[in-house]
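As the structure is a computational prediction, the values presented were derived from the model and not from experiment. The figures here come from the full heavy-atom set of this structure, side chains too, leaving out hydrogens, waters and symmetry mates. Per chain, numbering begins at 1; letters A, B, ... match sequence-line order.
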Amino acid sequence: MIDKKPAIAAKDLEIAYGNVVIQRDLNFTVNSGEIFVLMGGSGCGKTTVMRCLTGLKAPAKGQVYLGSVSVWEADQKTKDQLAHKIGIVYQSGALWSSMTLAENVELPLGEFTDLKPDEIRELASLKLALVGLSGFEDYFPSEISGGMKKRAGVARALALDPDFLFFDEPSAGLDPITSSRLDDLILELRDSLGTTMVLVTHELPSIFAVADSCIYLDAQTHTMIAAGDPRRLRDECENPKVRAFLTRGEKK
Amino acid sequence: MKQNDAIVNDARKSSEQCTVALDQLDFKTLLIKLGGSWILKNKRPSNHTIREKLTAQAEIAHIVFDTTAVVQWDSGLLTFLSGILDQSFQQGITVDRTGLPEGAQKLLELTKAGSEKKEDQKGAHPASFLFRLGLTTVNLFRSAGDVLAFIGEAFTALFNFFRGKARFRRCDMIRVIQDCGVEALPIVSLISLLVGLILAFVGAVQLMMFGAQIYVANLVGIAMVRVMAAVMTGIIMAGRTGAAFAAQLGTMQVNEEIDAFKTMGISPMEFLVLPRMLGLTLMMPLLCLYADLMGLLGGLIVAVGMLDLNIMEYYHQTRSAVGLSDLLIGLIQSTVFGILIALAGCLRGIQCGRSASAVGDAATSAVVTGIVSIIVATAIITVITHVMGI
């Protein structure tokens, strides 16, 4: 399923808040159709790196490429076009609370496609059905559970059939069964649509369930200290921090 | 029997355009051939023709697909197919999906899984008019009960305060006093000065016709000191502080901070509502007094600038017209308004739902409740003072 064509690339990326460097010297490539995980301990800057990849936070140095487009060097028109190819699922779902689930999905379709209102409605229902929320079109975000909010967030992120899908802590706050279902959904969507996905998470079961490759961001050295298949890193990585992270610090 | 009977798309030859062709392989089997780019950007044919055919030809019992000519697809293909699949399901027609792109098959499976949940999870029927009427009535009584309970709890907290047993941080109250007092002075100054000016100007135009300009001081003095300063300050504070109270407590409700107080055995009424109620109630009479002075200053500006009265004339006329009872009535009114605004703001904040929009609704509701209670209280106090002859 994974096409070996690079879809996302970071070159010598450095991210900082003012003079405080969060992460530096980040170099990695995500192949098309791959599920890539940014992992690391709390506060190491995973979400900030993801914000940089998605065009929400400018890097201090370096480049981010989505496809062939350099995200931070592109002109505004290219950036706008690129925005339609990116779907982001936020940690809290970030659904617009004044809109129903269907309206949440319909909004980007109405703004960025020429579809007729009935087609948009049909498509929104389809996206919600894809994530198991058929029949919840007219519910407001405040009326559904945390897991359903995450799935509705996925449906909204999928609205424009994006090429790149980013997830910020998709399993956070979910019970193991809901979390596992969300992992299955991520895999099924990747297998069906071939979408390139980047996940920010430190949930080990999710990492081992979905990741094709990953990088480990270290909070002390402020850079990535390991990259590769998480299962191989768990078994073979020589860096004790990475091994400890991937084995929950369990001693052999 | 093989029949090639319907080609739906106009531009069927182009590989970039979506094409649909129907072949009847035998008496019972319909082959749907799709081709081209089935993406949302392209104009796609409607599936109505196929659905009508399925309805009209009841003998069709089996559908197969051929998508070898499909160049590209996304949700555009899925919406087209889902309508056909839904209708097939309803008519008991079996669908062989093996001819569809592999990804599309998986996605359609996922949507089917979602649809199965629909039956379990939805289930609610639209409510009848009588049901909704009954529900609204019950909710109205419940909300009246909630308001009374809230007022009762607030006054219990106040009683505990006077007994020295209320648990709250004094610094919170000082912050509320600062916010309701000093920080409200600029807006109170502006509005009161302008109200005094307007009253004087409107009165002057009428009084000048009788050569009774000097009575502008009476008009402005009595109106401002007795009613207008208190009402205008109340309305300003309802919009400014009442809404802020509702938004603060509403946000705390959304973040489960109020639940955290409750579970720790700390009364939100004492810890959150009491400092706000005390702070605003203490500051309102002072603001009202200040608004009185600013209103009188507004009247003085018109009297001196437009009516050629001198400052001492205006001062003496005001002193002779405005009694201590007028001042006290104004101050008592403002104290009552302070209690009402604080209660309205805190009540709506505590009642707030658990979403961002609910916080906005709570703030709006606090302002509306505050202003309505101010007007109703003004009417009641006016009638009472009239009956008492003061």
Side-chain angles (χ1 to χ4, degrees), chain A residues 1 33 84 92-99 105 108-109 112-116 118-145 148-149 151 154-155 158-163 181 184-185 187-195, chain B residues 37-48 72-86 97 100-124 126 250 253-256 352-361 364:
Chain A
M1 190 68 213
H84 303 164
S92 60
L95 297 169
W96 297 302
S97 58
S98 58
M99 299 182 200
V105 183
L109 289 165
F112 303 119
T113 67
D114 299 325
L115 300 172
K116 292 176 197 149
D118 56 335
E119 285 179 307
I120 289 175
R121 181 80 191 173
E122 197 181 347
L123 205 52
S125 296
L126 184 89
K127 301 286 178 185
L128 287 169
L130 270 181
V131 297
L133 289 175
S134 182
F136 288 90
E137 287 84 353
D138 296 325
Y139 281 61
F140 282 92
S142 57
E143 297 172 326
I144 58 174
S145 70
M148 289 160 89
K149 277 182 196 164
R151 282 186 283 148
V154 176
L158 287 172
L160 294 170
D161 291 321
D163 294 340
R181 279 188 190 150
D184 292 343
L185 178 67
L187 284 170
E188 278 161 355
L189 290 174
R190 190 277 304 268
D191 292 345
S192 316
L193 298 166
T195 313
Chain B
S37 286
W38 282 81
I39 54 175
L40 287 174
K41 269 195 289 186
N42 280 1
K43 198 174 177 198
R44 287 157 294 113
S46 161
N47 57 21
H48 284 143
Q72 219 183 344
W73 65 272
D74 64 10
S75 301
L77 175 66
L78 298 179
T79 45
F80 178 83
L81 292 172
S82 67
I84 298 171
L85 296 181
D86 282 349
R97 298 181 190 181
L100 293 173
E102 197 184 338
Q105 288 180 46
K106 285 181 181 169
L107 288 174
L108 288 168
E109 274 305 311
L110 278 177
T111 59
K112 196 179 152 202
S115 302
E116 282 162 7
K117 284 181 184 166
K118 190 176 183 174
E119 301 306 318
D120 305 336
Q121 292 173 333
K122 209 184 177 187
Q253 189 72 271
V254 173
N255 294 338
E256 296 172 320
C352 178
R354 299 212 177 247
S355 65
S357 62
V359 177
D361 294 342
T364 309

- Is it true that atom CD of B:Glu102 has more than 12 heavy atoms of other residues, nucleotides or ligands lying nearer than 6.0 Å? no
- From B:Asp74 CG over to A:Leu158 CG, what is the distance, rounded to the nearest 0.5 angstrom? 11.5 Å
- Are side-chain heavy atoms of A:Ser192 and B:Glu109 found at a separation under 4.5 Å? no
- Message: Report which part of A:Leu160 has an atom under 4.5 Å of a heavy atom belonging to chain B: side chain, backbone, both, or neither.
- Response: neither
- Item | Considering all heavy atoms, the nearest A:Leu126-B:Ser75 contact | CD2-O, 4.4 Å
- Message: Report which part of A:Asp114 has an atom under 4.5 Å of a heavy atom belonging to chain B: side chain, backbone, both, or neither.
- Response: neither
- Item | Side chain proximity check, B:Arg44 to A:Leu115, heavy atoms < 4.5 angstrom | yes
- What is the distance from atom CG of B:Leu78 to atom CG of A:Leu193, rounded to the nearest 0.5 Å? 7.5 Å
- Query: Are A:Asp161 and B:Ile39 side-chain neighbours, meaning at least one heavy-atom pair lies under 4.5 Å?
  - Reply: no
- By a 4.5 Å heavy-atom criterion (distance strictly below it), what part of B:Thr79 contacts chain A: side chain, backbone, both, or neither? both
